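Keep in mind that this is a model prediction, so the values were computed, not measured. Starting from 1, each residue takes its place in the sequence as its number.
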Amino acid sequence: ERHGYRVDWIEPIPGRPNVVGRFGPASPKRTILVESHLDTQGIHGMVVPPFEGVVREGRLYGRGACDTKGPMAAALLALSPTVLNRLAEAGVQVLYVGAVGEEKGNVGAEQLVDLEVGADEALILEPTELAIVHAHKGAMWFEVEGRGRAAHGSNPSLGVNAVRGMLRLVEAIEAEVAALQQQPAHALLGHPTVNVGLIRGGSSINIVPDRCVIEVDRRTLPGEENAAILARVRAQLEAVQKAGLLTGWEVRAIKDGTPFETTADSRLVQRLARSCREAGEPGRTEGAAWYSDAGPFARTCREVAVFGPGSIKQAHTVDEYIELDSLEKGRAILQDFFLKLAAEVAS
């Protein structure tokens, strides 16, 4: 507000506000959304003070230093009053978004997309080592509960072992992805993957388990439909039940994260690459296997890229830090990027 933003406080979950600041004309020639998530990972096990912002040997240490308070600070400083006014004079409206719950399933971004918050371009701030990520995989998480029939462990034939039935399902899920991995790879993202990250079932060593639950992390490529994947899981479960290995089942979606892909020759990516090169960075473009708020915002923004100082290798670590040189270079690149946008729209 002190910088002239018109600020909305969007709080669909009490105590968890998304903050959206708007600067520039109400009827713009172009809009750009700049987003950073506000939450961090927890602090358990950290070996540096998590909240003090300790500077040592050219690094800033603390929880969120690179993921993603450092990139957020670089962007906010790049959007100085002078830069904001240049953008507004050119007819560009800036939406600065602080979103909650990225680490817990992109909660804030999904809420804002449901409210149709979007723009012509979106720059999602994450520690990318100043590389331009213009595509990443989707992240679909789901839970499957399989039901069997309990019996004494000395007479397993009298029961239906839910663990055994779910193992058959796991084999089917992994076989499907293995077949996809034999097909030509996506140029940026490679192949889809699957990881059964959790399995729990049974109550005692001498009881045939009547319940087994798995949680699955499926990373998808552009063109894959999450609903179709879950439909195939249900068909596989029906086959397992028909074979007598389960008595019932249920599938629940946990996360429905879609992939995104913006072409490397888009205005957004090319402008950002020029700013990188002029700052002495290669301006490399790449895809990523991880997931970010770019996935949701790709539904309401025409062009999307993920970018920022710092390294994703330092995210979530016990000694999280960001290099001060990277932080300053990120600020300079972003400032030049915004000025190039103003010149492009004004011309």
Side-chain angles (χ1 to χ4, degrees), residues 1-23 31-46 48-54 60-77 79 93-119 122-127 138-143 197-198 215 217 252-258 290-301 304 306 308 310 312 314-318 320-322:
E1 289 177 339
R2 287 196 301 271
H3 282 283
Y5 286 89
R6 303 179 298 281
V7 179
D8 292 320
W9 183 278
I10 302 171
E11 193 172 3
I13 300 175
R16 301 296 306 280
N18 296 296
V19 181
V20 180
R22 298 176 186 268
F23 192 101
T31 54
I32 182 167
L33 183 149
V34 184
E35 191 256 19
S36 54
H37 64 85
L38 300 176
D39 60 322
T40 68
Q41 283 290 324
I43 63 172
H44 178 73
M46 289 195 72
V48 297
F51 303 127
E52 295 180 15
V54 175
L60 171 67
Y61 288 86
R63 178 56 84 222
C66 76
D67 186 22
T68 189
K69 310 300 185 180
M72 175 169 63
L76 288 172
L77 282 170
L79 288 166
Q93 184 186 86
V94 176
L95 278 69
Y96 196 97
V97 174
V100 299
E102 190 267 355
E103 301 286 5
K104 296 294 185 181
N106 312 93
V107 175
E110 293 285 358
Q111 292 167 347
L112 293 171
V113 167
D114 288 344
L115 294 172
E116 299 183 348
V117 174
L123 190 63
I124 308 302
L125 299 167
E126 291 283 357
M140 184 181 64
W141 299 346
F142 60 93
E143 178 184 83
L198 185 148
E215 293 184 10
D217 179 351
R252 292 181 288 271
I254 300 172
K255 178 186 180 74
D256 189 19
T258 55
W290 41 257
Y291 196 74
S292 77
D293 283 343
F297 278 114
R299 303 204 303 269
T300 56
C301 300
V304 181
V306 186
I312 196 68
Q314 277 300 312
H316 308 181
T317 59
V318 296
E320 183 177 351
Y321 65 80
I322 190 168

Trainee: Between Val54 and Pro49, which heavy-atom pair has the shortest distance, and what is it?
Mentor: CG2-CG, 4.1 Å
Trainee: Hey, does the side chain of Lys255 reach the backbone of Lys104 with a donor-acceptor pair shorter than 3.5 angstrom?
Mentor: no
Trainee: Identify the heavy atoms of Ala298 and Val304 that sit nearest to each other, and give their distance.
Mentor: CA-CG2, 3.8 Å
Trainee: Do any N or O atoms from the side chain of Arg6 and from the backbone of Gly21 form a donor-acceptor pair under 3.5 angstrom?
Mentor: no
Trainee: Should we say atom NE2 of His3 is surrounded by more than 12 heavy atoms from elsewhere, each under 6.0 Å from it?
Mentor: no
Trainee: Hey, are the side chains of Met72 and Leu76 touching, using non-hydrogen atoms and a 4.5 Å cut-off?
Mentor: yes
Trainee: Hey, are Glu103 and Gln41 close enough side-chain-wise for a donor-acceptor pair under 3.5 Å?
Mentor: yes
Trainee: Check whether any side-chain heavy atom of Ile43 lies under 4.5 Å from a side-chain heavy atom of Phe51, and answer yes or no.
Mentor: yes
Trainee: Begin from the C-alpha positions of Arg299 and Asp114 and carry the test side-chain contact (heavy atoms from CB on, under 4.5 Å) through to its verdict.
Mentor: CA-CA 10 Å; Arg299 303 204 303 269; Asp114 288 344; 4.3 Å; yes
Trainee: Answer yes or no: is there a donor N or O on one side and an acceptor on the other, between the side chain of Asp39 and the main chain of Glu102, under 3.5 Å?
Mentor: yes
Trainee: Could you give me the CA-CA distance, side-chain angles and deciding distance for Leu79 and Tyr5, then say whether side-chain contact (heavy atoms from CB on, under 4.5 Å) is met?
Mentor: CA-CA 11 Å; Leu79 288 166; Tyr5 286 89; 3.8 Å; yes
Trainee: So do the side chains of Phe297 and Ser292 get within less than 4.5 Å of each other, counting heavy atoms only?
Mentor: no
Trainee: Please enumerate all residues that pass side chain to side chain contact (heavy atoms under 4.5 Å, CB included) together with Ala119, with sequence neighbours excluded.
Mentor: Thr31, Leu33, Cys301
Trainee: If you round to the nearest 0.5 Å, how far is CD1 of Ile312 from CD of Glu126?
Mentor: 6.0 Å
Trainee: Side chains of Val20 and Tyr96, heavy atoms from C-beta outward: is any pair under 4.5 Å?
Mentor: no
Trainee: Short question: side chain of Tyr61, backbone of Pro50 - any donor-acceptor pair under 3.5 Å?
Mentor: no
Trainee: Which of these passes side-chain contact (heavy atoms from CB on, under 4.5 Å) with Leu95: Leu112, Asp8, Val117, Ile32?
Mentor: Val117
Trainee: Below 4.0 angstrom, N of the basic side chain to O of the carboxylate: do Glu215 and Arg252 qualify?
Mentor: no
Trainee: Return the CZ to CG distance between Phe142 and Asp217, rounded to the nearest 0.5 Å.
Mentor: 9.5 Å
Trainee: Can you give me the closest heavy-atom contact between Leu60 and Gly53, atom names plus distance?
Mentor: CD1-O, 3.3 Å
Trainee: Could you report the tightest heavy-atom contact between Ala65 and Pro71, atom names first, then the distance?
Mentor: O-CD, 4.2 Å
Trainee: What pair of heavy atoms forms the shortest contact from Ala139 to Tyr291, and how long is it?
Mentor: N-CD1, 3.7 Å
Trainee: Would you check if the side chain of Glu320 reaches a backbone N or O of Asp67 as a donor-acceptor pair within less than 3.5 Å?
Mentor: yes
Trainee: Search all heavy atoms of Leu125 against all heavy atoms of Ala75 and return the closest pair with its distance.
Mentor: CD1-CB, 3.5 Å
Trainee: Does a donor on one side chain and an acceptor on the other come within less than 3.5 Å for Thr317 and Gln314?
Mentor: yes
Trainee: So, does Thr68 use its side chain to make a donor-acceptor pair with the main chain of Ser36 at under 3.5 Å?
Mentor: no
Trainee: Do Asn106 and His37 have side-chain N/O donor and acceptor atoms under 3.5 Å apart?
Mentor: no
Trainee: Can Glu11 and Asn18 be counted as having a side-chain donor-acceptor contact under 3.5 angstrom?
Mentor: no
